[in-house]
Amino acid sequence: MKALESSKDVALTKEKAQWMYQRMVEIRNFEDRVHELFAKGILPGFVHLYAGEEAVAVGVCAHLNDKDSITSTHRGHGHCIAKGCDLDGMMAEIYGKVTGLCKGKGGSMHIADFDIGMLGANGIVGGGFPLACGSALTAKYKKTDNVSVCFFGDGAQNHGTFHEGINLAAIWKLPVVFVAENNGYAEATPFSYASSCKSIVDRAIAYNIPGIKVDGKDVLAVYQAAEEAVQRARRGEGPTLIECVTYRNYGHFEGDAQTYKGDQEKAEHKQEKDAILLFRKHLLNEQLLAESEVVAIEKSVEAAVDQAVKFSEESPYPNASELLTDVYVSY
Amino acid sequence: MTRKLSMSGAINEAMKLAMRKDENVILMGEDVAGGAQVDHLQDEDAWGGVLGVTKGLVQEFGRERILDTPITEAGYMGAAMAAASTGLRPIAELMFNDFIGSCLDEVLNQGAKFRYMFGGKAQVPVTIRTMHGAGFRAAAQHSQSLYALFTAIPGVKVVVPSTPYEAKGLLLAAIEDNDPVIFFEDKTLYNMTGDVPEGYYTIPIGKADIKREGSDVTVVAIGKQVHTALEAAEQLSQKGIEIEVVDPRSLSPLDEEAILSSVEKTNRLIVIDEANPRCSIATDIAALVADKGFDHLDAPVKRITAPHTPVPFSPPLEDIYLPKAERVVKVVSELLGTPLEV
């Protein structure tokens, strides 16, 4: 089993540090708000929240541009935000409003924005592996230096598509970074029960690609691992597997009583192991940002999420005619 | 003795009775118990299925018989097929029927083919329980009704119950059956209650049920749409129009006789099916009646289905996606040439 790697000597520009902190706070704030709105019965459907895992999406997407693409999961809000999706459009999508990123037709599990390389949250576990290979194939064929990132959970790594996707990326040297978010539970089933490997990253050996396991609560550790993997992919040297050990603060879906989790683990992940608190402390200790700057980010994010909710509340639902659009045959 | 029980309670009870009766019956699926190997849970379930339909089974039968699987539909579905053909009688839960995309080969080319392809030397007594249906705001990948897909495969039986009573009796029949049976549970019906007898009983697969007798129009409705038809029947009855509501209950085998004899009586047919219209059960039944009941028809066969689109997430769009009683009333009125006002 590979050791868990932490960050060492990561030099961040002030601009990058600000961007990363803002994105992490956006994800947390957005998800906490969705949690509240769902509990009040305002939001319909199935909602799976990303709070607690912010360091993964942000540490990876910090290396991507709008032409790079990502595939996501049912727990996709964090990936969307880290990739740059508009908060108003995301929230409106979760409300099912016509101003949503998918006109309200997709919902929480299917938010996408192809203009910025967000290829869609996905309701099918393991759906992303082959898709990431496909967008990487486009990049390779067209000789761009764009990369694809496939975010997936510990549940998906037992799925056949994990093995087929990674093998394909490896033999074709596709520019893919496979990013495992190991939050310890696939739905209500512990990782230790469902996986024959102690570490997801052990599976990189079988496909003869580099693998690294990092502390997924340490955004700089994720940032560092992703930097190397993204550069390697851009150079045409093929895929990398990164395992980020993390935790989801909420249940598998909203409404999950989470009886399978221990009280202590739930508490410590909200305090001493919280990725945002850890990064905040680092920013202040290293004097990358001043307290006033950190607070300004936090306040502006709160206002932005308030605005996203207001925007969604005030937006109309789609017209009935939308039922029959965006599909090539209508009966 | 009968008492009120929910649809999910009836399904849960059927599984318990089958497992008490036959030790070869096992249940496998994703989080059918939940919390496997969590110290403080042991033989207690964390979930008992994502919507609680299998709650309490692991407490009674233990984790040897209630098997939580990794999220590997192809893996456990294939295992269920061969476990079935070598002496077990597994119930494999496919959480949402949409996930068949991840394990279609195990049904299509494996389990469904064994008995015929191996010259009758193999039996595959497996039951696949799966959730289907729109109206839950579950969006495009968790809301489909894919029973036509399975009905198209020889070797598989397909059951779609519409009431708690039928869910229990048909599920017990499915588990007893020596062929693969796929059993569709509409997620929006789980909380519906109805009279359910205590104890073990089966309802034969392949026998339709006349849910309401009538002489003017035959309305064949599938699953939840039986209730749409019954709602329309109430409204129409006030106008003096009596529709006959036929619930096929199983789509494969299909009780052709029940449908044809009803059409012989009413001379008109509407099929309500919330699945997409192309290559659907509605189309299949329309073809059946065009072929074998043409002489009895006084009007064109009408299909009331979802449009040919994926299921939209947005609540107002999903609401118009599904067939409605008002639409049934309108189509019945058109077929009979009677004024529209109700």
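By convention in this document, chain letters (A, B, ...) are assigned in the order of the sequence lines, proteins followed by strands, and residues within each chain are numbered from 1. Here the structure is a predicted model, which means the values were calculated and not measured.
B:E334 and B:K330 are joined by a salt bridge, as a carboxylate oxygen and a charged side-chain nitrogen come within less than 4.0 angstrom of each other. Ion pair B:D45/B:K55 flagged as a salt bridge, since at least one NZ, NE, NH1 or NH2 atom sits closer than 4.0 Å to an Asp/Glu carboxylate oxygen. A salt bridge does not link B:E60 to B:K16: none of the charged side-chain nitrogens sits closer than 4.0 Å to a carboxylate oxygen.
Note that OH of A:Y50 is 15.0 Å distant from NE2 of A:H48, once rounded to the nearest 0.5 Å.
For the pair B:F313 and A:P44, the tightest heavy-atom approach, listed with the atom from each and the gap, is CZ-CG, 3.7 Å. Closest of all the heavy-atom pairs between B:V219 and B:A229 is CG1-CB, 3.9 Å. Residues A:F30 and A:M91 come closest through the heavy atom pair CE1-CE, 3.7 Å. What you find for B:A306 and B:P277 is that their closest heavy atoms are O-CD, 3.2 Å. Smallest separation of non-hydrogen atoms from A:C197 and A:F191: O-CZ, 3.6 Å. Here the shortest heavy-atom pairing between A:R75 and A:G251 reads NH1-O, 3.7 Å.
Of residues 63-81 of chain B, those residues with a non-hydrogen atom less than 4.5 Å from any non-hydrogen atom of chain A are, in numerical order, B:D68, B:P70, B:I71, B:T72, B:E73. Contact residues of residues 141-151 of chain B toward chain A are B:Q141, B:H142 (heavy-atom distance under 4.5 Å).
A:H35 and A:Y250 have their aromatic ring centers within a separation under 6.0 angstrom.
For chain A, the option among B:G34, B:A46, B:P315, B:A36 with the highest count of heavy-atom pairs below 4.5 Å is B:A36. In terms of heavy-atom pairs under 4.5 Å with chain B, the best-connected choice from A:P190, A:G126, A:A257, A:G262 is A:P190. Ranked by non-hydrogen atom pairs under 4.5 Å with chain B, the options A:E187, A:K105, A:Q258 are led by A:E187. Per-residue counts of heavy-atom pairs under 4.5 Å with chain B were compared for A:D326, A:N122, A:T161; the largest is that of A:N122. The candidate with the highest count of non-hydrogen atom pairs below 4.5 Å against chain B, out of A:Y95, A:Y185, A:F253, is A:F253. Your options are A:G155, A:G104, A:A194, and the one with the most heavy-atom pairs under 4.5 Å with chain B is A:G104. The candidate with the highest count of non-hydrogen atom pairs below 4.5 Å against chain A, out of B:A139, B:A140, B:G35, is B:G35.
Of the atoms belonging to A:K103, not a single heavy atom falls under 4.5 Å from chain B. Both the backbone and the side chain of A:H159 come within less than 4.5 Å of a heavy atom of chain B. In this structure, chain A has heavy atoms under 4.5 Å from both the backbone and the side chain of B:L317. With a 4.5 Å cut-off on non-hydrogen atoms, A:I94 touches chain B through its backbone but not through its side chain.
A:K266 NZ: more than 12 foreign heavy atoms inside a 6.0 Å radius. Other residues, nucleotides and ligands contribute at most 12 non-hydrogen atoms within 6.0 Å of the CG atom of B:N191.
For the pair A:K83 and A:F151, the cation-pi test (distance below 6.0 Å, angle within 45°) is failed.
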_Let's go through A:C85 and A:L101 carefully: what are the C-alpha distance in whole Å and the side-chain angles of both, what is the deciding distance for side chain to side chain contact (heavy atoms under 4.5 Å, CB included) to 0.1 Å, and is it a yes or a no?_
CA-CA 9 Å; A:C85 286; A:L101 284 172; 3.9 Å; yes
